[in-house]
Structure formats: C-alpha cells, structure tokens
J.: 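Have a look at the structure that comes next, please.
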Amino acid sequence: DQQVKQNSPSLSVQEGRISILNCDYTNSMFDYFLWYKKYPAEGPTFLISISSIKDKNEDGRFTVFLNKSAKHLSLHIVPSQPGDSAVYFCAASAGGGTSYGKLTFGQGTILTVHP
Amino acid sequence: GAGVSQSPSNKVTEKGKDVELRCDPISGHTALYWYRQSLGQGLEFLIYFQGNSAPDKSGLPSDRFSAERTGGSVSTLTIQRTQQEDSAVYLCASSFIAGGAKNIQYFGAGTRLSVL
C-alpha cells in the first residue's frame with residue numbers, strides 16, 4: 001500500500017524555467033510534509049517542509065504548495081538551475097502514536113535541468 | 001564530523017552470512033532512524049529510536065533484522081543469515097527529536113549492501 005506517490009518518475013526542464021514536482025498521499029493522518037533532494041552516492045538532503053495547517057511555504061527559489069482536500073502537494077523551483085538536477089523525494093509524517101517519528105517516502109522523481 | 005556517519009560505506013557478503021551496519025548520529029540528536037532503498041525504489045522505513053528505545057519497529061522485514069542503540073548515540077543494524085533480497089542501500093538518519101515540526105531528519109550517505 002503506497003501511501004505517498006510520486007507518479008512522474010522523471011522530469012526534464014530547461015534552465016531558467018519552472019520545475020513542478022508533484023506528490024499525492026492517501027493517509028489523512030499525515031500532518032507534516034517534507035521534500036528531500038538526493039544526489040548519486042549521497043544521502044537525501046532536506047529541502048523544504050510544510051505543516052498541514054498551511055497551504056504554502058516558500059524558501060528562496062523553492063515553494064511547496066499543499067492542497068489537503070485533494071491530498072496533493074507540489075514543489076516549485078523557480079528559476080531552475082543545472083545544479084538542481086537530482087532525485088526529489090516527497091515524504092510525510094503522521095502526528096501522535098508510536099509512529100510519530102516515521103517518514104513515509106514517495107518513489108522519487110528524477111529532475112534533469114538542461115543548460 | 002558534523003553529519004551522520006555510516007560505516008562501512010560498502011559491504012559485499014555471501015548469502016547466509018551475518019552483517020552489522022553502524023550509524024553515528026549528529027551529536028545532540030535524540031532520535032535515530034533506519035531506512036533502506038532497494039534499486040529503483042523509494043526509501044522504506046525500518047525502525048526508529050527515541051533515546052535507546054524503539055517505539056516503532058514495524059518496518060523490519062523479518063526476524064532476521066534487528067537494531068539496537070546504546071548510550072543514546074551509536075546504533076547498529078544487524079542482518080542475520082543474509083539473503084539476496086536484502087541487497088539495498090541502508091540509510092541512517094537522525095533528528096533533534098522525533099516527530100512534528102522538529103522532525104527534520106538528516107541522513108548519512110548510506111551503506112550499500114550486496115549479498116552474493
């Protein structure tokens with residue numbers, strides 16, 4: 001049962017344009033969402049997060065949007081740069097209980113930004 | 001070092017052997033997590049520790065897998081009688097505390113386990 005899904009395995013974008021990465025979830029108990037970026041042979045690196053009480057969080061070129069009714073979130077990167085090329089993972093956590101610390105990850109989307 | 005440290009970085013073993021993977025979290029982080037990533041898959045949760053206790057072990061695939069954490073710091077993930085399907089990258093992460101807005105997990109580079 002895939003509770004967090006990233007339906008696009010890959011995305012290719014021209015430098016300077018917007019990159020939009022999408023993520024859907026099924027568990028209504030999720031109350032905190034994060035995006036991680038991963039380069040080959042390295043561990044994932046935290047990028048940006050959003051609480052379920054918000055619908056938008058912005059940090060520089062990165063903005064995360066949350067639509068709770070649709071159980072959908074997206075990561076916007078504007079403008080995209082070649083150094084942004086990496087695998088992007090969406091992750092979610094549910095408040096309360098013994099699973100409080102556990103992150104559930106999507107399968108990842110490979111972003112390629114062409115110069 | 002300032003980050004999460006994992007050792008070894010690569011491990012090749014024969015089917016049926018036991019392996020131990022080590023994780024050194026960021027100093028001061030009370031929560032520690034183990035995940036694994038199989039080829040072409042996302043990260044799969046295995047177990048997490050708050051201090052030395054493990055509130056959630058639900059992701060451990062079988063009783064061949066176990067983990068412990070001592071002194072609220074270093075953790076060891078042990079896989080007994082390894083099978084080929086255990087081949088994956090095993091990632092460790094730590095956070096200030098478990099859960100909520102402070103649950104930003106910082107990851108190590110992982111241990112790539114290959115079972116022949």
Side-chain angles (χ1 to χ4, degrees), chain A residues 1-10 21 23-25 27 29-54 57 59 64 66 86-110, chain B residues 1-7 9-10 23-26 29-51 53-60 69 75 89-112:
Chain A
D1 175 30
Q2 192 77 32
Q3 296 188 53
V4 178
K5 293 183 182 179
Q6 294 175 255
N7 291 317
S8 297
S10 63
L21 297 107
C23 179
D24 296 294
Y25 62 95
N27 188 343
M29 298 301 292
F30 287 146
D31 63 355
Y32 203 72
F33 304 89
L34 307 91
W35 284 94
Y36 282 82
K37 178 169 77 171
K38 186 181 184 301
Y39 294 117
E42 294 183 11
T45 302
F46 170 72
L47 200 54
I48 192 169
S49 63
I50 188 167
S51 164
S52 60
I53 62 173
K54 295 187 175 182
N57 188 27
D59 183 2
V64 57
L66 175 62
V87 180
Y88 288 77
F89 290 99
C90 167
S93 68
T98 56
S99 296
Y100 196 37
K102 167 185 174 181
L103 288 181
T104 301
F105 283 84
Q107 309 95 308
T109 297
I110 301 170
Chain B
V4 177
S5 177
Q6 290 188 247
S7 60
S9 54
N10 282 282
C23 174
D24 229 314
I26 292 171
H29 279 191
T30 64
L32 184 148
Y33 314 80
W34 285 98
Y35 297 86
R36 75 175 176 183
Q37 185 179 19
S38 302
L39 193 62
Q41 302 296 313
L43 279 74
E44 174 191 5
F45 169 80
L46 299 178
I47 184 172
Y48 91 90
F49 293 88
Q50 179 61 57
S53 60
D56 190 345
K57 308 177 185 179
S58 63
L60 294 178
R69 188 180 187 198
S75 175
V89 177
Y90 288 80
L91 290 156
C92 176
S94 69
S95 68
F96 183 67
I97 60 170
K102 294 191 185 296
N103 190 22
I104 306 301
Q105 297 182 19
Y106 296 87
F107 283 81
T111 294
R112 180 174 297 278

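Chain naming here is simple, since letters A, B, ... match the order of the sequence lines and numbering starts at 1 in each.
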J.: With a 4.5 angstrom heavy-atom cut-off, could you sort out which part of A:A91 is near chain B: side chain, backbone, both or neither?
T.: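 Contact with chain B is absent: no heavy atom of A:A91 under 4.5 Å.
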J.: Could you tell me which non-hydrogen atom of B:A109 sits nearest to which non-hydrogen atom of A:A41, and how far apart they are?
T.: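 Minimum heavy-atom contact is CB-O, 4.2 Å.
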J.: Distance check, rounded to the nearest 0.5 Å: B:I47 atom CD1 versus A:K102 atom NZ?
T.: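 Going from CD1 on B:I47 over to NZ on A:K102, the span is 12.0 Å.
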J.: So for B:Q37, is it side chain, backbone, both, or neither that comes closer than 4.5 Å to the heavy atoms of chain A?
T.: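 Side chain only.
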J.: State, yes or no, whether a side-chain contact exists between A:L103 and B:Y35 at a heavy-atom distance under 4.5 Å.
T.: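 Yes; the side chains approach each other to less than 4.5 Å.
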J.: Which atoms of B:L91 are under 4.5 Å from chain A, going by heavy atoms: the side chain, the backbone, both sets, or neither?
T.: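 The side chain, not the backbone.
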J.: Quick one: OG1 on A:T45 to CD on B:Q105, what's the gap to the nearest 0.5 Å?
T.: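 The OG1 atom of A:T45 sits 13.0 Å away from the CD atom of B:Q105.
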J.: Identify the two heavy atoms, one from A:Y36 and one from B:I104, that lie closest to each other, and give their separation to 0.1 Å.
T.: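 Heavy atoms of A:Y36 and B:I104 come nearest at OH-C, 4.1 Å.
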